[in-house]
Structure formats: structure tokens, C-alpha cells
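Since the structure comes first, as C-alpha cells, the remarks are kept for the end.
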Protein chains: 2
Amino acid sequence: MADHTPTRAERREATARRILEAAQHEFGAHGDGATIRSIARRAGVDPSLVLQHYGSKQALFSLAVRPVSDLEGEDVPAHLAEVLDVRLRELPASTKALMRSMLTSAEAAEAMSVYLRERAARLAEAMPDDHAELRAALVVSSIMGITIARHFLDLPALEDADGDDVAALVDSWTSTAP
Amino acid sequence: MADHTPTRAERREATARRILEAAQHEFGAHGDGATIRSIARRAGVDPSLVLQHYGSKQALFSLAVRPVSDLEGEDVPAHLAEVLDVRLRELPASTKALMRSMLTSAEAAEAMSVYLRERAARLAEAMPDDHAELRAALVVSSIMGITIARHFLDLPALEDADGDDVAALVDSWTSTAP
DNA sequence: GCATTCACTCTACACGTGTTGAGCGAGGTG
DNA sequence: CACCTCGCTCAACACGTGTAGAGTGAATGC
């Protein structure tokens, strides 16, 4: 809240943040093929500065793609939908970067995979026993698919769908019998 | 069946096919970032020849990514799973190329989108009326998500799952009430 | 058997990339 | 005010890319 004139270190840190955000948006828009130059342009900065801050494109990518939430003890099943953002209009920048890159970057794929496994494990605990593990994996994967369809493929049927409807529907799958 | 010695034109056509297959595998493995040189290497051919056959990388990509099946009048709901290959161990090369690129190539994204819309429309016809369109879109997107999780993210729970189990489960969602 | 075609390879070019090191000039310090 | 610090820009590099055009030698047709 104190709006003192920023010190040099603060300004530096601020541009570092601006660069990271620019990177998330660029990776989110073009995947891991996004360019250091394009990131720099978006941040209003020289390309070289990007590397002085983050060392290499790879390192910056890793940071940009790190998932935002390690939310610990939340109630599981209904919340799930929100996590992978079935109902959010806009995805968090880092999530978007991660998803956009997950099919072309091994690192992003691995990150998404552990994220999904983690979520599925959580979900399985709260499910009827029968094939719980498999069914949890299916639900989690489905939510990912729906998220892709909505945010990256612009499927019209999902475009103007009510997030709550979607969440309720998906939630009902949680207790479906095989 | 007649194994006459191949004419010049036949041999040319054969190498064209080899190049296209190589392209599908390379695009399937690395997305639209795959290299003309890598495609040529895989086909055992000079990079320049790839362009003499297909004009440009873009044109080759378009061809490599074209979906295989315009199967017309098939029975819809159960078959759906197979189409997006929830139960197949290995994806068709063109499908793999299409999916791998759909998040980084606008053309692939559009192709996948129309494919999904088409499938959803088919599926909606065979569903209980309530919210049929939305629910069909959700099911189709889910199958895509499951396919991604299994074939690109290597989710272990799906890795060794029985394809029929998965198909049956997904199929049951088709008649889920909202 | 000879001239021609033509499927294919070789060489080259222009360009965009990630990355580096030198240099500049405003901000901090005495 | 003078000096130094250091966040930042500039200029350059080596490299991989898509693509074009000339060249080559074996299959073809007379």
C-alpha cells in the first residue's frame, strides 16, 4: 500500500515479473515455439534482457508453465471442474501455457501428467470403490478434454454453455456405475 | 497382386507415399514443428525432393493431417469411442499428427474442431433430448481428452485399462441425466 | 544403341532463432 | 557535485530452417 518511489531492485523485480507474464501469454498463445523476441516485444524490453533475467528460454519456459495451485485440503469432486477450469471464462495464464504446450513439449507433457495423476488420486478417494482408479482417471482426462475443446478449439456448443451445467453434468459421471 | 516390375511413375508415386507417411510420423511425434529435413531423413530421401512432391511444408502438413475416415452411415454411440480411439492401442498416423498439432497449429485446431462438431452432431441425434447438443459435445470432448491422456500423456491408469471397459463407461455417460 | 526424359541429389541463399559480450546512461552513494 | 553501480540496450555470432535452381545418371522410347 505504501507507494514510495520504487528502488532500483524493486524496478528490476517488476520488469522480471512483466517478462514472466509476457512469457506466459506468449507460450499460452503459441506453445513452446514462442519466441524470446516475441516475449521481449510483449514485455517492452530487449530480447537480451529476458535471458539476463532467466538464463535461458528453457528455464523461462519451465517457470512459465509451473501450475499455479498447490491447494491442499479442499473438498474434491465438484471442485475438480473448477481446477481444470471447465467453468472459468478465462484460464490462468500459466495453465494456458501448460496446456498449449503439453503436446509438443516433453516437459509440459510430464508436468500435465503428474498434475492429472495427483488430481485423479484425490478424486478416486471420494468415489464408489468399483474401478475407482480408472474412473477417476477418465473423469479427470475428460475435464481436460472439455477444457481444450472450450478454450483452444472453440467448440460452439461449449462456448456459450453455462459453466454450472457442465460442472453438474461432469460431476454426475463421478457416481456412474460401470 | 500382379508384381510386375514397377514403372517409373509407379516408383515416383511410391516414394511420394513414403514421404507422406514419414511426414505423418514426424508430425505425429513432434507436431507442426517437425522439420522437412527430418521427414526427408525418415523417408530416406533428399529434403529438396519433399518439396518437389508437395510444394511446401504447409501443403504437406495439410495433407498429413487430413483425417482418415469419412465413414458415412455407421451406428453412432458405441462406435464413437473407437473413432477417437479410446480402445485402440495405436492411433492412425494421420490422427496422431492431427492431435499432436492441434494446440500449436491453427489449421489443425480448425480441422479438429470441425471433426468434433460433426461427431457431436451425429451423437446428439441418438441421445435423450434434454440438453442433447451440449451433452454430445461434452462426451465427444471427453473422448478426446481420454485419448490425449492415454496416447500423449501416458497416464498409467489408462495405459493398462481395458479398452472395452473404457468404452462402456463413456458410453454410459451418453444416457446420463443432467 | 542413342537421345531424351525425369526422379532424384547437390549446393546455395535468405532468414529467424537462441545466446553472448560490450557499451551506455540513469540511479544510487559519498 | 563527482564517482560508481548496474539495469538495460546494441551489435554480433553460429546455427537450423524452408526453399530454389542447377546438375546427374539411370530408366525410357525410338
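In the text below, chain A, chain B and the rest are named by the order of the sequence lines, each starting its count at 1. Quick note: numbers below take in every heavy atom, side chains included, and nothing from hydrogens, waters or symmetry partners.
At whole-Å resolution of the value, CZ in Arg11(A) and C1' in dG25(C) are 14 Å apart. A straight line from CD of Gln58(B) to P of dG18(D) spans 12 Å, rounded to a whole angstrom. Glu26(B) has its CD atom 11 Å from the P atom of dG18(D), to the nearest Å. Rounded to whole Å, the distance from NE2 on His53(B) to P on dC6(C) is 14 Å. As rounded to whole Å, 11 Å separates atom C1' of dC15(C) from atom CZ of Arg37(A). If you measure from atom CZ of Arg12(B) to atom C1' of dC8(C), you get 9 Å, rounded to the nearest angstrom. The distance from atom CD1 of Ile19(A) to atom C1' of dT9(D) is 12 Å, rounded to the nearest whole Å. The distance between atom CD1 of Ile36(A) and atom C1' of dT20(C), rounded to the nearest whole Å, is 12 Å.
Using a 4.0 Å cut-off, some side-chain N or O of Thr35(B) falls inside it from OP1 or OP2 of dT17(D). Between dG18(C) and Ser56(A), no contact under 4.0 Å exists linking OP1 or OP2 to a side-chain N or O.
Residue contacts shown for Ala34(B) are limited to sugar-phosphate atoms, with no base heavy atom under 4.0 Å away.
With DNA chain C read from its 5' end, the first of the two nearest nucleotides for Pro47(B) and Arg8(B) is the one closest to Arg8(B). Each of Thr7(B) and Gly33(B) was assigned the nucleotide of DNA chain D with the nearest heavy atom; the assignment lying further toward the 5' end belongs to Gly33(B).
Results of the side-chain contact (heavy atoms from CB on, under 4.5 Å) test with Trp173(A) over Val170(B), Leu169(B), Leu138(B) single out Leu138(B) as the only residue that passes.
Ser113(A) and Arg117(A) share a donor-acceptor pair across their side chains, judged by distance under 3.5 Å alone.
Counting atom types as modelled, Gln52(B) pairs a side-chain N or O with a base atom of dT9(C) as donor and acceptor under 3.5 Å. Between the side chain of Ser48(A) and the base of dC10(D) there is at least one donor-acceptor pair of N/O atoms closer than 3.5 Å.
Other residues, nucleotides and ligands contribute over 12 non-hydrogen atoms within 6.0 Å of the NE2 atom of His53(A). By the 6.0 Å contact criterion, CG on Asp129(A) is open, its count of non-hydrogen atoms from other residues, nucleotides or ligands being 12 or less.
Lys57(B) places a side-chain N or O within 3.5 Å of a backbone atom of Ala34(B) that can act as its donor or acceptor partner.
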